[in-house]
Amino acid sequence: MMGTLISLSLFEKNDIVVNSIYKYLAISEKLFSANRNDSEISKINQQAGKHPVQVNSNVFQLIKKALIFSKLYPESFNIAVGPLVKLWQIGFSGQHLPNDDEIKKCLCLVDTTGIELDDVKDEVFLKYPGMELDLGAIAKGYFADQIHLILKKYSINNAIIDLGGNVLTLGSNQITMDHKWQIGIQDPRSKRGNILGSVACRACSAVTSGVSERYFIKKGHLYHHIINPKTGYPLENNVSQVTIFSSSSLEGEVISTVAFFAGVVNGIRLINKMKNVEAIYVTRTGQIVTTAGLRFRNFQTR
Ligand code: AMP
Ligand code: MG
């Protein structure tokens, strides 16, 4: 689902819970996807410059949160980035290098001041034709947090939720002596499953943003899927990937994007100041840099 492999690990078989989460994800995909014409997000996008669209209240609330973060981090995280994501199509069959004019046209549509929200009616209006919302950088984190709440309702306290590498561990690991979870960090220069180290942690979210999952190479240059909303091109810096450990997965998603843009030095400085948030950067040359608290928590490289 959602263009990736999703898994839920429980310590006891429980079909009712698994089915209910499966259903939740199927409904959510229909509501939130920017890649399905019938989703609520697509309806908002299709009505850009025309009409406000009334949406499901969960959709409204996520857009509202994402807009707050977009205004807080205008240099990096931007949910109005849709026209650029659609233009580049990175990770999809139509991925290509657009020309400067096409990029310039899209850039003026990446404008969060053109997003109007009506709290009373749960309506979203994109003021300018061609504007598009894209929740790709935040939706999986939101779903992971929601699945956590569903599991709590069923009194399931220990589990692993894995939405294509967005991992949320709950409670404690019932099959290890120290009851900690071991979260492996993918080596971005190696094939899937080859990790460069692991982090032992209690219940936490681990979310990664990086260049090595969705990209293409043209004339020796790598174009990846995280777009700089100020230039219209994939962000150019020396970060290959950054993994954020936090308690909320939604928060981890936003911080991973922000940290990716900040780069290693500023990103580490920024996250060292955040409470209960840690990071592991891997640079394009393979250097590993972690926040101070994470060294403390025993990050082990292989
Ligand atoms: P993530 O994998 O969580 O880092 O999110 C990457 C996805 O977020 C991309 O595939 C796009 O759908 C979307 N996206 C790309 N650039 C940005 C950006 N600057 N701000 C917010 N979302 C973005
Ligand atoms: Mg993200």
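Atoms within a ligand are numbered from 1 in the order they appear, just like the ligands themselves. Along the sequence shown, residues are numbered consecutively beginning with 1.
Under a 4.0 Å N-O distance rule, the pair K65/E251 does not qualify as a salt bridge. Taking 4.0 Å as the cut-off between side-chain N and carboxylate O, E116 and K127 count as a salt-bridged pair.
Ring geometry for Y73 versus F69: interplanar angle under 30°, hence parallel rather than tilted (30 to 60°). Aromatic ring pairs are classed by plane angle as parallel below 30°, tilted from 30° to 60° and perpendicular above 60°; the pair F216 and W88 is tilted.
Checking L84, N78, L87 one by one against I227, the side chain to side chain contact (heavy atoms under 4.5 Å, CB included) holds for a single residue, L84. Residue K64 is tested with D119, D118, D122 for a salt bridge (charged side-chain N to carboxylate O under 4.0 Å, His left out); the sole match is D119.
Protein nitrogen, oxygen and sulfur atoms, that is N, O or S, within less than 2.8 Å of the Mg ion (ligand 2) amount to 2.
A side-chain donor-acceptor contact under 3.5 Å links H224 to the backbone of L235.
Going from atom OG of S247 over to atom NZ of K275 covers 10.5 Å, rounded to the nearest 0.5 Å.
With a 6.0 Å radius and a threshold of 12 heavy atoms from other residues, nucleotides or ligands, H51 has its NE2 atom at or below the threshold.
The contact shell of ligand 1, taken as protein residues with any non-hydrogen atom closer than 4.0 angstrom, comprises S76, F77, N78, V81, V85, D134, G136, A137, S209, H225, I226, I227, P229, E253, F261.
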